[in-house]
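Here the structure is laid out as structure tokens; the discussion comes afterwards.
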Amino acid sequence: MPLVLIVVGVGWLLSSLGLAPDINWIWTLGLAAAGLLPMVMHGIDKVTVAIGPFFLVASLLSVLRQSGRLHVDHEMPMLVILAGVLLLVARSSMIPVPQWTVSATAPETHSATASNGE
């Protein structure tokens with residue numbers, strides 16, 4: 001929460017100073033939060049390695065577009081390429097499967113066999 005307040009304050013200050021007046025900070029910070037929260041809450045796995053960086057880069061590209069440094073015609077294809085790259089990275093065997101997708105297995109029961117004295 002303290003970091004969120006600092007980032008919101010910096011965005012607000014930049015807008016107030018006229019350095020970044022046309023940036024929608026709620027949208028931009030929402031994208032960044034959507035990227036950070038899954039990784040913070042669940043760690044690194046096949047889902048968060050794709051979702052987290054995607055939304056973080058989308059937040060950065062959003063700032064660049066809103067500040068006039070990037071055109072939406074370039075932003076969208078960049079996001080599509082990024083999504084493909086991240087999905088390829090997520091397929092790596094080095095990245096773990098999310099724990100919530102792994103079904104819990106019942107503990108093995110060892111049934112005692114009745115001996116008939118033979």
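Heads up: numbering here begins at 1 and tracks the sequence.
Across all their heavy atoms, Leu64 and Ser67 have their closest contact at O-OG, 3.1 Å. Nearest heavy-atom pair across Leu87 and Ala50 is CD2-CB, 4.3 Å.
Hydrophobic clustering (ILVMFWY, side-chain heavy atoms < 4.5 Å, transitive): Leu86 and Ile44 are in distinct clusters. In the hydrophobic cluster analysis, where Ile, Leu, Val, Met, Phe, Trp and Tyr join through side-chain heavy atoms closer than 4.5 angstrom, Val10 is grouped together with Ile23. Residues Met41 and Leu31 are members of separate hydrophobic clusters, defined by side-chain heavy-atom contacts under 4.5 angstrom among Ile, Leu, Val, Met, Phe, Trp and Tyr. Taken together through direct or relayed side-chain contacts under 4.5 Å among Ile, Leu, Val, Met, Phe, Trp and Tyr, Phe54 and Val72 form part of one hydrophobic cluster. Cluster annotation: Leu29 is not connected to Leu79 through the hydrophobic network of ILVMFWY side chains, with a link wherever side-chain heavy atoms come within less than 4.5 Å.
How far OG of Ser59 is from CH2 of Trp25: 8.0 Å, rounded to the nearest 0.5 Å. To the nearest 0.5 angstrom, Leu36 atom CG is 12.0 Å from Phe55 atom CZ. A distance of 8.0 Å separates CZ in Arg65 from OG1 in Thr28, rounded to the nearest 0.5 Å. Atom CG in Leu19 sits 8.0 Å away from atom CG in Leu13 (nearest 0.5 Å). Rounded to the nearest 0.5 Å, atoms CG (Leu61) and CZ (Arg69) are 13.0 Å apart.
For the pair Thr48 (side chain) and Pro38 (backbone), a donor-acceptor distance under 3.5 Å is absent. Listed for the Ser62 side chain is no donor-acceptor partner under 3.5 Å among the backbone atoms of Ala58. Side chain of Gln66 to backbone of Asn24: a donor-acceptor contact under 3.5 angstrom is found.
Within the 4.5 Å cutoff, the side chain of Lys46 has no heavy atoms near those of the Pro96 side chain. Leu82 places none of its side-chain heavy atoms less than 4.5 Å from the side chain of Met78.
Put simply, the residue from Asp45, Val49, Leu56, Ile51 that forms a side chain to side chain contact (heavy atoms under 4.5 Å, CB included) with Met39 is Leu56.
The number of heavy-atom neighbours closer than 6.0 Å to CD1 of Ile26, taken from other residues, nucleotides and ligands shown, is 12 or below.
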